[in-house]
Structures are given as structure tokens and as C-alpha cells.
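Index from 1, following the sequence.
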Amino acid sequence: MPIVTLKDRAVLRFAGSDAERLLQDVLTPDLDGLAASDAVGGALLTPQGKIMFDFVIARDADTGFLIDIDAAHADDFVRRMTLYRLRAKLEMARADDLHVAAIWQEEPPQGALRDTRFRGTETVYRLYGPLHERATGSAEDYTKLRIANSVAELGADYPPSDAFPHDVLMDRNGGVSFKKGCFVGQEVVSRMQHRATARRRLVRVCGSQELPTGDTEITVDDRSIGTLGSRSGAEGLAIVRIDKAGAAIAAGKTIRAGDQSVKVRLADWTGLSFPTDLQASEA
């Protein structure tokens with residue numbers, strides 16, 4: 001059963017009496033309600049409400065937190081958080097002694113935390129510690145798992161400062177809180193939530209053969225409605241305009257990834273559906 005060491009992830013440790021207050025005031029998830037047994041997705045947004053960094057965050061001892069993040073973005077994230085630190089009493093540093101493992105389809109070891117981004121049929125855990133001696137799965141196995149559960153990650157599925165939390169389903173998987181009060185970019189994403197104006201959403205893309213590589217556009221009538229992200233074989237993820245995808249489905253039009261005809265699906269756990277209002281899709 002898969003145990004995958006996520007070698008492209010870095011772990012950051014935030015410790016100190018002011019750590020929770022600072023992170024709660026700046027980041028998107030509600031840390032007051034974060035259980036010690038869970039690891040939740042989240043983001044640091046631009047003031048305009050777009051995702052600058054995404055991550056998974058979990059509690060660490062009494063006054064600390066672990067943030068696991070794409071290793072390529074870890075140092076930039078710490079520098080950005082330093083701007084918000086002011087006089088807060090905390091320490092921010094890489095935890096180079098910790099590695100990240102993803103575990104599913106088997107009983108998790110002691111200390112494993114439930115990754116709450118995965119809302120499909122599988123319960124997925126994250127484990128922070130030394131390299132796991134039974135890590136037999138591959139990065140491709142983890143990509144397939146993310147695709148099957150509609151879990152997007154920055155870099156693989158969208159570039160920095162391009163997507164809103166709604167675009168990648170953070171409003172559905174606990175990655176952003178609309179009840180805790182202010183955080184960076186909160187006004188914009190709260191307005192999107194209350195006005196129900198989110199039109200771009202993460203979907204699964206299913207083809208009849210291996211999906212194309214590169215920044216392949218998802219199109220209807222040769223017009224782009226989104227861009228393909230992660231892919232594995234004939235399946236992948238994409239952020240698309242669901243109003244335009246819904247209109248295409250209702251009209252029986254072909255949706256394509258490059259030259260290939262594909263189907264697009266919203267994950268059942270989201271409770272979302274494709275709009276079918278043809279007129280609204282013209283906007």
C-alpha cells in the first residue's frame with residue numbers, strides 16, 4: 001500500500017507565544033478550530049485575494065505549528081511572513097530534520113495526521129519525521145491520488161498570484177475560513193463567497209488516451225475555458241470556467257484538451273454542479 005515521501009516539500013516550524021495569533025491573523029484557515037490530529041490546507045493571499053503561497057499546516061507541541069510547503073517557495077514564504085511579524089514573539093525556521101510522507105490505503109502509524117484536503121473516498125494522512133523506511137510509493141502515485149480527489153497544488157496546477165481560493169476549492173475543503181475574521185485578502189474572497197461570483201473551479205479532466213503535456217488549454221469551439229494542470233495518463237486536473245463548460249455540456253459541444261476530446265467532472269464532495277444557463281456563459 002502506498003507510502004510516499006514527498007521530496008519536493010519543505011517543513012517550516014513556527015514556534016512561540018505569538019505564533020498562533022500571527023498565523024491566524026494572516027493566513028486563510030481557521031487555526032482556532034484546528035484539531036491536533038489534523039493537517040489542513042491553506043494559503044497566504046495577496047491583498048487582492050489571490051494565492052501567493054499554498055501549504056498544509058498542523059499543530060506542533062503547545063505553541064507551535066508546522067507548515068509543509070513546496071520547497072522551491074519555502075524561503076520566499078518565510079521572507080513574506082517576516083513582513084507581518086512586527087513585534088510578535090515567535091521563531092520561524094526550516095525544520096530540516098523533518099520530511100513529509102503521504103500515507104493512504106493502510107492503517108497510519110502513530111503521529112500521522114489526517115490531511116483534510118482529501119474529501120473523496122480515501123482517507124489520506126501526512127507524517128512528519130525522518131525518512132519513512134517503508135516508503136515504497138512514487139511521486140506519480142501521489143499525483144494520481146491528488147487527481148482522483150481533486151486536490152490542487154500551486155506550481156503543478158496554477159502559478160503564484162493567479163488563482164483565488166475558490167478556484168481551487170479551498171472554500172469547500174476547509175482551506176479558507178469565512179467566520180474567523182480578517183486575514184490578508186479576506187475582503188475580496190468574502191465578497192466572492194457572499195455574492196456567489198466564483199466562476200472558475202477545479203475539475204477532473206478525463207480523456208481516452210494520455211493527456212498532452214505543457215500548458216495545454218481546455219477549449220470549446222477553439223476558445224479557451226481553462227488550462228490543464230497535473231496529469232497522469234488519461235486523467236488530470238484543470239481550473240476552468242464552469243459556466244462555459246456547463247453551457248458546452250448542455251449544448252452537446254465537444255470540450256478539448258489540445259486536440260483530444262475530454263470530459264470534465266466536478267468532484268462529488270464539493271456539492272457543486274455545472275451551470276447550464278447558456279446566456280450567462282456569454283459573459
Side-chain angles (χ1 to χ4, degrees), residues 3-46 51-103 108-118 124-135 139 142 146 151 153-156 160 165 170 173-177 180 183-185:
I3 300 175
V4 178
T5 297
L6 304 179
K7 297 180 180 178
D8 60 345
R9 306 293 288 184
V11 181
L12 306 173
R13 181 177 279 117
F14 287 69
S17 58
D18 291 335
E20 182 161 354
R21 179 181 61 81
L22 175 66
L23 298 175
Q24 178 79 338
D25 289 348
V26 173
L27 307 180
T28 59
D30 185 0
L31 302 181
D32 287 348
L34 178 58
S37 58
D38 288 346
V40 66
L44 173 61
L45 307 182
T46 67
I51 299 171
M52 196 181 328
F53 302 96
D54 72 354
F55 49 78
V56 177
I57 185 169
R59 292 191 178 276
D60 178 42
D62 295 330
T63 61
F65 290 85
L66 298 177
I67 289 180
D68 90 62
I69 188 169
D70 188 321
H73 301 148
D75 292 340
D76 287 340
F77 178 76
V78 171
R79 281 191 286 269
R80 177 63 63 166
M81 289 300 298
T82 301
L83 298 178
Y84 298 111
R85 179 179 181 176
L86 299 177
R87 294 184 177 88
K89 297 177 181 178
L90 80 157
E91 296 179 355
M92 299 179 282
R94 277 194 186 234
D96 290 329
D97 57 319
L98 299 181
H99 299 269
V100 185
I103 303 168
Q110 185 175 4
L113 306 175
R114 184 173 64 96
D115 189 335
T116 64
R117 299 174 304 162
F118 289 83
V124 179
Y125 297 88
R126 287 177 106 75
L127 184 65
Y128 302 109
L131 286 170
H132 202 288
E133 68 278 4
R134 293 197 297 116
Y142 183 67
R146 288 198 304 102
V151 174
E153 291 186 348
L154 188 146
M170 283 190 181
N173 66 15
V176 59
S177 171
K180 72 170 186 170
F183 52 84
V184 178

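The two residues A58 and L113 come nearest to each other via the heavy atoms CB-CD1, 3.4 Å. Closest heavy-atom contact between T116 and G41: OG1-N, 4.3 Å. Minimum heavy-atom separation, L45 to P165: CD2-CG, 3.8 Å. A102 and L6 get closest at one heavy-atom pair: CB-CD1, 4.2 Å. Shortest non-hydrogen contact noted between L27 and I67 is CD1-CD1, 4.2 Å. Residues S177 and F183 share a closest heavy-atom pair of O-CE2, 3.2 Å.
Partners of N173 by side chain to side chain donor-acceptor pair (under 3.5 Å), not counting sequence neighbours: none found. For D115, the salt bridge (Lys or Arg N to Asp or Glu O under 4.0 Å) criterion is met by R117, R126, not counting sequence neighbours. Evaluation of the side chain to side chain donor-acceptor pair (under 3.5 Å) rule for D76 yields R79 as partners, not counting sequence neighbours. For the side-chain contact (heavy atoms from CB on, under 4.5 Å) test, residues two or more places apart in sequence or in another chain that qualify with L31 are E20, L23, Q24, P29, L34, I57, F65. Take A71 and apply the side-chain contact (heavy atoms from CB on, under 4.5 Å) test, not counting sequence neighbours, and it matches A10. Applying the side chain to side chain donor-acceptor pair (under 3.5 Å) test to R114 and every residue at least two apart in sequence or in another chain returns D38. Remark: L131 engages T5, H99 in a side-chain contact (heavy atoms from CB on, under 4.5 Å) (not counting sequence neighbours). Here D97 pairs with nothing under the side chain to side chain donor-acceptor pair (under 3.5 Å) rule; sequence neighbours left out. Applying the ring-ring contact (aromatic ring centres under 6.0 Å, His included) rule to F55 yields the partners F77; only residues at least two apart in sequence or on another chain are considered. When the side-chain contact (heavy atoms from CB on, under 4.5 Å) test is applied to V78, the partners found at least two apart in sequence or on another chain are L12, T82, M92.
Within 6.0 Å of the CZ atom in R80, the count of heavy atoms belonging to other residues, nucleotides or ligands does not exceed 12.
Within the structure, the salt bridge (charged side-chain N to carboxylate O under 4.0 Å, His left out) test picks out the following pairs touching residues 6-18 (sequence neighbours left out): R9-D68, R13-D60, D18-R21. Sorted by first then second residue, the side chain to side chain donor-acceptor pair (under 3.5 Å) pairs that include residues 85-95, not counting sequence neighbours, are D75-R94.
With hydrogens and angles disregarded, no donor-acceptor distance shorter than 3.5 Å links the side chain of T28 to the backbone of G42.
Using a 4.5 Å cut-off on side-chain heavy atoms (C-beta onward), V184 and M52 make no contact.
Put simply, CG on L127 and CD1 on I103 are 5.0 Å apart, with the number rounded to the nearest 0.5 Å. With rounding to the nearest 0.5 angstrom, the CG atom of L90 is 8.5 Å from the OG atom of S17.
Ring-plane geometry between F53 and H73 is classed as perpendicular, the angle between the planes exceeding 60 degrees on a 0 to 90 degree scale with a lower cut at 30.
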